[in-house]
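Input: a single structure, listed below in structure tokens.
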Amino acid sequence: MFQLFLGMIVGFWLWFALRYGAGGFYTVGPNERAVLTTFGQATRLGDQTTLSDPISGSLKPDERERYVYPLVRVIGPGFYWKLPWQRVYRISIATGTVSIAFDPESPQANNGGQMLEAVTKDQLNIGLTGQLRFAISERNLYAYVFGVKQPVAHVMGYFISILRDRIANFAAPVDPAAADLPDVVQNISINDLRKHLRGLNEGMSRECASAAARYGIALDVALITGIDSPADVESALAAINTAHNHVSSEISLAQAAADQKIVMSRRAVEIETLNAQAEVEPLLTLAAQLGELSASGRGALAAYVRNARLALLGRTRKLVLSRNIAEAS
């Protein structure tokens, strides 16, 4: 009986050593981070919270008190050992990519996660396609592991609500060149969305910056690649866009022709001005020289006139003299 009892004790300790001794070792991969809990409580970094971390800088003042999570010790890649009453939560921090229409709670929603529907400012139903890149925030693992039950579902709902709000209220910058165009051309929001798709993506990235502080998931890039309108509206939009492009082309051609005429007129004025200056300059020079000759002596100007006449007489082919001039000679 004693030997049986002794064997049970030895067997228990052997099982305990194998189960919680050798089995207590664990590893954390290069793309992983881990949080260790003792009796269900994670090891915290004193009394620090996310409010003392720059990650909360993107939160609005009324949100800072709602999204307060303690900072916990994050275990990096390596080989570790834990006690039997401790538990390890491993989280992959690799960047993931999903469709903007992905719904983790209902995979069949949004056309099977392929297209997200939204309503524009002019009450037009459109379909949005694109991708969303995200990664688990290492600085707020508490929110991802313990704070939110389904963080991916929350962050996707948060992203979609912001996107639909921006689509419904999107207004393109005023284009002075289109001020004279009809309202039917100017007030087509789907055209504005397609032209300013890059600005829409950048705006989404800025407004979703607080997702890491809210749910522990950082939205890296929101890339909307396609905006589709209903089939019965697409032909009308194509006709309107064609007319718009034609009017814009005619305006550009007229503007270019007018600019060309203005440039040619300015050039013609410059040429005529230069020609007039070229004709006046010798006369001014001659007048200056004659003034110097007149000032140099009494007979200098008369001698110059006589020599100038002689030079002209040498170049003449026929000379007609009046009577008075002949008698004088």
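Treat the numbers as computed from the prediction; the structure is a model and nothing was measured. By convention here, the first residue in the shown sequence is residue 1.
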Between Thr38 (side chain) and Gln86 (backbone), is there a donor-acceptor pair under 3.5 Å?
no

Verify, without hydrogens or angle tests, whether Thr37 (side chain) and Arg87 (backbone) share a donor-acceptor contact under 3.5 angstrom.
yes

Hydrophobic cluster (4.5 angstrom, side-chain heavy atoms) - remaining members for Leu284:
Val280

Are any non-hydrogen side-chain atoms of Lys121 and Phe170 less than 4.5 angstrom apart?
no

Crowding at CD, Glu63 (>12 non-hydrogen neighbours, <6.0 Å):
yes

So, applying side-chain contact (heavy atoms from CB on, under 4.5 Å) with Leu219, which one of Cys208, Ser137, Ser210 is it?
Cys208

Side chain to side chain donor-acceptor pair (under 3.5 Å) involving Asn169 - partner list, sequence neighbours excluded
Asp165

For the backbone of Leu197 and the side chain of Asn201, can you confirm whether one donor and one acceptor N or O come within less than 3.5 Å of each other?
yes

Side-chain contact test, heavy atoms from C-beta onward, threshold under 4.5 Å: evaluate it for Leu128 versus Ile167 and give yes or no.
yes

Distance-only, no hydrogens or angles: does the Asn140 side chain make a donor-acceptor pair with backbone N or O of Ala212 under 3.5 Å?
yes

Just checking Asp259: does its CG atom have more than 12 heavy atoms from other residues, nucleotides or ligands closer to it than 6.0 angstrom?
yes

Give a yes or no on whether the backbone of Tyr158 and the side-chain of Ser161 come within a donor-acceptor separation of less than 3.5 Å.
yes

Output, in order, the C-alpha distance, side-chain angles, deciding distance and verdict of side-chain contact (heavy atoms from CB on, under 4.5 Å) for Arg33 and Leu141.
CA-CA 9 Å; Arg33 297 296 183 269; Leu141 285 181; 4.1 Å; yes

Measure from the side-chain N and O atoms of Gln277 to the backbone N and O of Leu274, and report whether any donor-acceptor pair falls under 3.5 Å.
no

Would you find more than 12 non-hydrogen atoms of other residues, nucleotides or ligands less than 6.0 Å from Arg266 atom CZ?
no

Please determine whether a side-chain nitrogen of the Lys or Arg among Glu207 and Arg166 lies less than 4.0 Å from a carboxylate oxygen of the Asp or Glu.
yes

Any side-chain to backbone donor/acceptor pair from Ser56 onto Thr50? Under 3.5 Å, distance only.
yes

Counting only heavy atoms not in Gln108, do more than 12 sit closer than 6.0 Å to its CD atom?
no

Determine the interplanar angle of the Tyr67 and Tyr215 rings, folded into 0 to 90°, and report it as parallel if under 30°, tilted if 30 to 60°, perpendicular if over 60°.
perpendicular

Taking only residues two or more places apart in sequence or in another chain, which ones pass ring-ring contact (aromatic ring centres under 6.0 Å, His included) with Phe146?
Tyr89, Tyr142

Verify whether the ring centers belonging to Phe25 and Tyr80 lie closer than 6.0 Å.
no

Tell me whether the count of non-hydrogen atoms from other residues, nucleotides or ligands lying under 6.0 Å of CD in Glu117 goes above 12.
no

Would you find a donor on one side and an acceptor on the other, under 3.5 Å apart, between the side chain of Asn110 and the backbone of Gly112?
no

Considering only NZ, NE, NH1 and NH2 on the basic side and carboxylate oxygens on the acidic side, decide whether Glu270 and Arg267 come within less than 4.0 Å.
yes

